[in-house]
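Predicted model only: the values in this text are computed from it and were never measured. Read the numbers this way: they start at 1 and go in the same order the structure lists the ligands and their atoms.
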Amino acid sequence: MSTAIVGGASAGLGAAIAEKLAATGHDLLLWSRSEERLAPIAASLRDRHGVAVHTFAADAGDPGAAAAVAERAAEVLTTVDVCVLNAGGPPPATADQTDPDTWRAALQLLTVTPIDLATRVLPGMRQRGFGRIVAVLSSGVREPLPNLAYSNSGRAALAAWLKTLGRQVAADGVTVNGVVPGRIDTERVAQLDAAAAQRSGTDAESVRAASIATIPSGRYGRPEEFAAVVGFLASRESSYVTASMLSCDGGLMRSLT
Ligand SMILES: NC(=O)c1ccc[n+]([C@@H]2O[C@H](COP(=O)([O-])OP(=O)(O)OC[C@H]3O[C@@H](n4cnc5c(N)ncnc54)[C@H](OP(=O)(O)O)[C@@H]3O)[C@@H](O)[C@H]2O)c1
């Protein structure tokens, strides 16, 4: 049996990733800020997939979160084969609206906590000669989004670290990759559309329609489509894919890399 830690697992992309990894035989430690939101997801995964599913509440914005999650994983999973780095997003802001306190909070959430958690599970992975670190990024890493200054920057820093680490540990059987969502249909995207609608004095449906018009596939992605990419990167089959960023965006991004 393989084991995995999945962050932000009470909703959206994290919940879909948990589903995929449970279906492919992983015992899980799921975490987010709310045990209450995690509990029904864990129960359903246990019932349907016959895997062990543990839950843990921690806030990725808290400097102690990574240590607490890693400690809990050591207790309940013993060893960690797969670590999915994921949590919520920071508040929207244009580049001229940022302030130092929100920067510190955003960088803890998006950069420091995932790096800290990956660093803590890495030694065991290297010792055993197998590990998969997969981070949920954002299209802003490739093409910065005008109203997501914190997200663009914090995730770009994480992506640079992942690239550096992936090359460093590639010969140890540990792969390190990021997956770049375009617009996948989750609560977070609905909230961003609603916020954009409010700013521009229109309604969320119009914002969504305008957004869909920019996506070659003609629709938002489904969380399970995104989770399938993460599932591949978490698998043994993906052994020669490392230090990469894979897009799951229906063709949205125009850049070649
Ligand atoms: N969906 C997309 O198309 C898209 C595109 C670009 C980037 N992203 C990024 O991908 C990540 C996941 O997106 P999503 O669409 O799945 O978002 P979502 O539907 O809002 O789900 C976010 C998950 O993260 C948890 N979470 C939020 N804040 C947290 C915190 N401070 N500490 C720990 N857990 C936290 C939430 O659970 P609790 O409330 O229980 O903590 C929830 O399980 C986000 O960072 C988002 O910004 C998504």
Side-chain angles (χ1 to χ4, degrees), residues 5-20 28-42 55-66 68-69 72 84-93 102 104-114 116-117 134-145 147-159 178-196 207-208 211-212 214-215 217 219-227 229-230 245-250 252-253:
I5 299 175
V6 183
S10 67
L13 303 181
I17 293 164
E19 175 78 37
K20 179 72 188 174
L28 297 172
L29 173 61
L30 308 182
W31 71 282
S32 79
R33 293 166 301 183
S34 164
E35 287 265 11
E36 229 173 39
R37 294 183 81 194
L38 290 166
I41 291 174
T55 58
F56 187 64
D59 185 333
D62 172 355
V69 172
R72 182 77 177 138
V84 178
L85 305 172
N86 177 54
T102 314
R104 278 185 275 275
L107 291 173
Q108 181 70 50
L109 173 72
L110 297 169
T111 317
V112 179
T113 293
D116 190 5
L117 180 56
V134 186
V136 176
L137 299 170
S138 158
S139 62
V141 166
R142 294 216 161 99
E143 297 176 2
L145 297 155
N147 197 44
L148 290 175
Y150 295 115
S151 172
N152 296 336
S153 310
R155 293 184 207 275
L158 176 61
V179 186
V180 178
R183 290 184 83 75
I184 313 293
D185 212 352
T186 66
E187 284 169 37
R188 160 92 176 158
V189 163
Q191 281 163 9
L192 289 174
D193 285 353
V207 169
R208 185 182 168 102
S211 176
I212 285 174
T214 68
I215 303 172
S217 293
R219 61 178 175 84
Y220 284 180
R222 293 187 292 274
E224 62 270 24
E225 293 177 304
F226 187 86
V229 180
V230 177
M245 284 194 288
L246 271 67
S247 295
C248 180
D249 69 351
L252 174 66
M253 273 161 277

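- Atoms of ligand 1 lying under 4.0 Å from any heavy atom of Gly182, numbered from 1 in the order shown and given with element: 3 (O), 5 (C).
- If you number the atoms of ligand 1 from 1 as listed, the ones under 4.0 Å from a heavy atom of Glu187 come out as 19 (O).
- Salt bridge Lys20/Glu225: absent, no basic N to carboxylate O contact under 4.0 Å.
- Within ligand 1, the atoms closer than 4.0 Å to a non-hydrogen atom of Leu109 are 31 (N), numbered from 1 in the order shown.
- The shortest contact between atom 21 (O) of ligand 1 and any protein heavy atom is with Ala11 CB, 4.0 Å.
- Protein heavy atom in closest approach to atom 31 (N) of ligand 1: Asp59 OD1, 2.8 Å.
- Thr55 contributes no side-chain N or O that, together with a main-chain N or O of Leu38, makes up a donor-acceptor pair within less than 3.5 Å.
- Residue contact check for ligand 1: Leu137 places a non-hydrogen atom closer than 4.0 Å to it.
- When the options Ile184, Leu38, Leu30, Asp62 are ranked by their closest heavy atom to atom 3 (O) of ligand 1, first place goes to Ile184.
- Interface of Arg183 with ligand 1, defined as ligand atoms under 4.0 Å from a residue heavy atom, comprises 3 (O).
- Considering every non-hydrogen atom in both Ile215 and Gly250, the closest pair reads CG2-O, 3.8 Å.
- Once rounded to the nearest 0.5 Å, the distance linking CG of Asp59 with CH2 of Trp31 reads 8.0 Å.
- Atom 4 (C) of ligand 1 has Pro181 CG, 3.8 Å as its closest protein atom, hydrogens excluded (heavy atom only).
- The nearest protein atom to atom 20 (O) of ligand 1, hydrogens excluded, is given as Arg188 CB, 3.3 Å; this is a heavy-atom distance.
- Shortest contact from atom 30 (C) of ligand 1 to any protein heavy atom: Arg33 CD, 3.5 Å.
- Listed by number with element, the atoms of ligand 1 under 4.0 angstrom from any heavy atom of Val189 are 1 (N), 2 (C), 3 (O).
- Going from atom OH of Tyr150 over to atom CG of Leu109 covers 12.5 Å, rounded to the nearest 0.5 Å.
- A pairwise comparison of heavy atoms in Ala9 and Val6 identifies CB-O, 3.6 Å as the closest pair.
- In this structure, the protein non-hydrogen atom closest to atom 39 (O) of ligand 1 is Arg37 NH1, 2.8 Å.
- Closest approach of Val141 and Ala156 over heavy atoms only: CG2-N, 4.0 Å.
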Passes side-chain contact (heavy atoms from CB on, under 4.5 Å), Leu29 versus Phe56? Steps please. CA-CA 7 Å; Leu29 173 61; Phe56 187 64; 4.0 Å; yes
Set out, in order, the CA-CA distance, both residues' side-chain angles and the distance that settles side-chain contact (heavy atoms from CB on, under 4.5 Å) for Val84 and Val230, then state yes or no. CA-CA 8 Å; Val84 178; Val230 177; 4.2 Å; yes
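- Closest to atom 9 (C) of ligand 1 among all protein heavy atoms lies Arg155 NH2, 3.7 Å.
- Nearest residue to atom 12 (C) of ligand 1 from Asn86, Thr186, Val136 is Asn86 (criterion: closest heavy atom).
- In this structure, the separation between CZ on Arg155 and CG on Leu145 is 10.0 Å, given to the nearest 0.5 Å.
- Formation of a donor-acceptor pair under 3.5 Å by the Ser247 side chain with backbone atoms of Asp249 is not found in this model.
- The closest heavy-atom contact to atom 42 (C) of ligand 1, among the options Ser10, Ala65, Pro223, comes from Ser10.
- Using a 3.5 Å distance cut-off with no hydrogens or angles, the side chains of Arg183 and Ser211 do pair a donor with an acceptor.
- The contact set between ligand 1 and Gly89, taken as ligand atoms under 4.0 Å from a residue heavy atom, comprises 44 (C), 45 (O), 47 (O).
- When hydrogens are left out, the protein atom nearest atom 45 (O) of ligand 1 is Ala87 O, 2.8 Å; that is the closest non-hydrogen contact.
- Remark: ligand 1 and Leu13 share an N or O pair separated by less than 3.5 Å (distance only, no angle test).
- The proximity of Glu35 to ligand 1, defined as any non-hydrogen pair under 4.0 Å, does not occur for either the backbone or the side chain.
- In this structure a side-chain-to-backbone donor-acceptor pair under 3.5 Å is missing from Glu143 to Gly140.
- Heavy-atom proximity to Ala60, at under 4.0 Å, picks out these atoms of ligand 1: 30 (C), 31 (N), 32 (N), 33 (C).
- Between Arg37 and Glu187 there is a salt bridge, since a side-chain N of the basic residue sits under 4.0 Å from a carboxylate O of the acidic one.
- Set against the non-hydrogen atoms of Gly8, the atoms of ligand 1 under 4.0 Å away are 23 (C), 24 (O), 25 (C), 42 (C), 43 (O).
- Residue Gly88 holds the heavy atom nearest to atom 27 (C) of ligand 1 of all those in Gly88, Ala58, Cys248.
- Some N or O of Ser32 is nearer than 3.5 Å to an N or O of ligand 1, by distance alone.
- Neither the backbone nor the side chain of Ala15 has a heavy atom within less than 4.0 Å of ligand 1.
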side-chain contact (heavy atoms from CB on, under 4.5 Å), that's the test. Do Leu192 and Leu148 meet it? Break it down for me. CA-CA 10 Å; Leu192 289 174; Leu148 290 175; 4.3 Å; yes
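- Every heavy atom of Glu36 sits 4.0 Å or more from the atoms of ligand 1.
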